[in-house]
Amino acid sequence: MKAMKGPGIFLAQFMGDTAPFDTLEHLAEWAAGLGYVGVQIPCNTQLIDLALAAGSKTYCDDLRGTLAKHGIEVTELSTHLQGQLVAVHPAYDTLFDGFAPPEVHGKPAERQAWAVEQVKLAAKASANLGLSAHATFSGALAWPYVYPWPQRPAGLVEEAFAELARRWIPILDVFEAEGVDCAFEIHAGEDLHDGASWERFLAAVDHHPRARLLFDPSHFVLQQLDYLDFIDRYHDRISCFHVKDAEFNPTGRSGVYGGYENWVDRAGRFRSLGDGQVDFSSIFSKMAQYGYDGWAVLEWECALKRSEDGAREGAPFIRDHMIRLTERPFDDFAASGVDRAAIRSLLGLSKEPS
């Protein structure tokens with residue numbers, strides 16, 4: 001029977017220069033002490049040698065063994081930063097250079113080639129680690145035009161998604177060859193930021209079997225989208241799950257767009273689990289209903305609470321929301337136990353159809 005795994009924790013927001021946040025093993029020991037059983041690993045050289053992981057099963061087995069000493073598994077690898085660089089509008093070139101090594105700064109074409117290779121390596125590394133899914137971003141070419149003023153010229157969005165597909169199909173083909181799902185996080189700042197944009201992309205990549213979704217309800221709260229309806233619509237493509245809370249408190253002064261305010265003062269802001277407005281009971285019920293058997297992974301991003309406190313509270317929060325699926329109907333006690341002949345009699349039918 002399919003069952004959700006967890007709790008896991010995404011390590012990107014917790015990496016640091018001092019113990020226990022300085023190495024993968026120290027982070028694993030720390031996470032285990034908080035009650036986590038899985039870690040989602042960003043493809044950062046501080047935590048993993050991606051090229052070595054892509055080429056060496058022995059390295060991956062050793063990595064898994066190191067984590068297993070602390071009762072920890074790898075949930076997924078993440079290339080959010082590298083995926084972002086697969087498609088960058090020139091308006092963001094300078095800001096996104098910081099996601100890439102210095103040797104490709106100021107060189108958009110070389111930076112993009114580096115990013116593509118990194119995501120392909122992550123597919124191979126994921127396979128060597130025995131993982132079934134990978135977390136990433138799509139990048140964005142059309143995001144500066146998300147609001148249609150001035151009026152967008154006909155064909156602009158279509159060409160943007162056609163180009164996005166041209167860049168991602170060869171990457172998705174590598175994921176297919178490795179037997180790993182490529183799960184795009186639906187996220188503001190990405191061309192894949194809601195259901196409509198996801199459908200447009202999915203059509204552009206010809207419904208590629210490895211084009212999948214990372215579901216994170218916090219981004220739906222900030223956009224005022226129905227995250228439960230999203231699960232109903234797209235559950236068959238959801239391969240990853242970030243458990244992250246958020247709240248949206250609009251005023252006459254600020255709403256969805258945020259008024260250029262900092263995170264603390266925005267109408268929509270991320271919160272630690274249980275401090276926001278996300279209906280996690282309904283989300284976990286939906287995921288159980290549809291047989292989601294991937295990981296439930298805490299992503300901590302809160303405008304107010306300390307990260308260590310959010311991490312400490314996150315493991316029991318996720319564990320308490322995970323649903324162990326029933327193995328029998330709740331009304332089995334009332335089963336009548338009649339046979340087929342009795343059933344036909346109850347329906348007023350002859351014992352056997354003529």
Side-chain angles (χ1 to χ4, degrees), residues 4 76 80 83-84 86-87 89 133-148 152 155-165 167-169 171-172 175 181-248 250 255-258 267-268 270 276-292 294 296-297 299 301:
M4 183 184 292
E76 300 94 5
H80 282 83
Q84 182 77 63
V86 170
H89 188 280
H134 176 74
T136 195
F137 276 153
S138 68
L141 299 172
W143 182 253
Y145 309 102
V146 66
Y147 193 81
R152 293 189 292 254
L156 183 145
V157 172
E158 290 76 8
E159 184 57 34
F161 275 82
E163 177 61 28
L164 195 66
R167 298 185 185 194
W168 274 103
I169 286 174
I171 302 173
L172 291 170
F175 277 91
D181 290 342
C182 183
F184 296 97
E185 182 170 0
I186 300 300
H187 192 289
E190 310 304 311
D191 279 343
L192 277 57
H193 58 271
D194 59 11
S197 55
W198 163 248
E199 290 178 12
R200 190 184 289 271
F201 176 75
L202 195 58
V205 297
D206 196 24
H207 295 265
H208 198 291
R210 294 299 172 179
R212 309 284 288 193
L213 290 163
L214 185 161
F215 175 72
D216 180 337
S218 67
H219 303 294
F220 292 76
V221 173
L222 268 57
Q223 292 187 68
Q224 289 297 278
L225 290 166
D226 187 333
Y227 46 78
L228 297 179
D229 181 62
F230 186 92
I231 298 173
D232 286 334
R233 290 173 183 266
Y234 309 115
H235 58 87
D236 61 332
R237 288 272 178 173
I238 295 175
S239 292
C240 299
F241 177 21
H242 273 176
V243 188
K244 190 170 76 173
D245 213 340
E247 63 184 352
F248 183 69
V256 169
Y257 298 114
F270 300 123
Q277 299 167 348
V278 174
D279 181 359
F280 284 106
S281 293
S282 293
I283 287 174
F284 276 82
S285 294
K286 289 279 189 188
M287 298 294 255
Q289 173 186 342
Y290 291 119
Y292 174 74
V297 176
E299 183 182 24
E301 288 181 343

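Residue numbers run from 1 in the order of the sequence given.
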(message) Restricting to non-hydrogen atoms, name the atom on Met4 and the atom on Ala296 that form the minimum distance, rounded to 0.1 Å.
(response) SD-CB, 3.6 Å
(request) Please report the closest heavy-atom contact between Leu214 and Ala183, naming both atoms and the distance. (result) N-CB, 3.8 Å
Side chain proximity check, [X] to [Y], heavy atoms < 4.5 angstrom:
X: Leu228; Y: Lys286; answer: yes
X: Arg237; Y: Trp198; answer: yes
X: Arg212; Y: Ile238; answer: no
X: Ser239; Y: Tyr292; answer: no
X: Val256; Y: Leu222; answer: no
X: Phe184; Y: Phe137; answer: no

Report yes or no: does [X] contribute a side-chain atom to a donor-acceptor pair with the main-chain N or O of [Y] at less than 3.5 Å?
X: Asp181; Y: Ala133; answer: no
X: Glu247; Y: Gly268; answer: no
X: Asp216; Y: Ile186; answer: no
X: Ser197; Y: Asp191; answer: yes
X: Glu190; Y: Gly139; answer: yes

(message) If only side-chain N and O atoms count, and only distance matters, is there a donor-acceptor pair under 3.5 Å linking Asp279 with Tyr227?
(response) no
(message) Working note: Phe161 + Leu141, criterion side-chain contact (heavy atoms from CB on, under 4.5 Å); need CA distance, chi angles, decisive distance, verdict.
(response) CA-CA 8 Å; Phe161 275 82; Leu141 299 172; over 6 Å; no
(request) Start with the C-alpha distance between Phe215 and His242, add both sets of side-chain angles, then the distance that settles ring-ring contact (aromatic ring centres under 6.0 Å, His included), and finish with yes or no. (result) CA-CA 6 Å; Phe215 175 72; His242 273 176; over 10 Å; no
(request) Report yes or no: is the cationic atom of Arg152 (NZ for Lys, CZ for Arg) under 6.0 Å from the centre of the six-membered ring of Tyr145, at an angle within 45° of the ring normal? (result) no
(message) If you apply the rule side-chain contact (heavy atoms from CB on, under 4.5 Å), what do you find for Arg200 with Glu158, and how did you get there?
(response) CA-CA 9 Å; Arg200 190 184 289 271; Glu158 290 76 8; 3.9 Å; yes
(request) Decide yes or no on side-chain contact (heavy atoms from CB on, under 4.5 Å) for Ile231 and Tyr290, but give the supporting numbers first. (result) CA-CA 9 Å; Ile231 298 173; Tyr290 291 119; 3.9 Å; yes
(request) For Gln223 and His193, run side chain to side chain donor-acceptor pair (under 3.5 Å): C-alpha distance rounded to whole Å, both residues' side-chain angles, the deciding distance at 0.1 Å, then the answer. (result) CA-CA 9 Å; Gln223 292 187 68; His193 58 271; 4.9 Å; no
(message) Looking only at the aromatic ring of each residue, does the gap between the centers of His208 and Trp168 stay below 6.0 angstrom?
(response) no
(message) Can you confirm if the aromatic rings of Phe270 and His219 lie within a centre distance of less than 6.0 Å?
(response) yes
(message) Apply side-chain contact (heavy atoms from CB on, under 4.5 Å) to residues Leu192 and Leu164 and explain how you reach the verdict.
(response) CA-CA 10 Å; Leu192 277 57; Leu164 195 66; 3.7 Å; yes
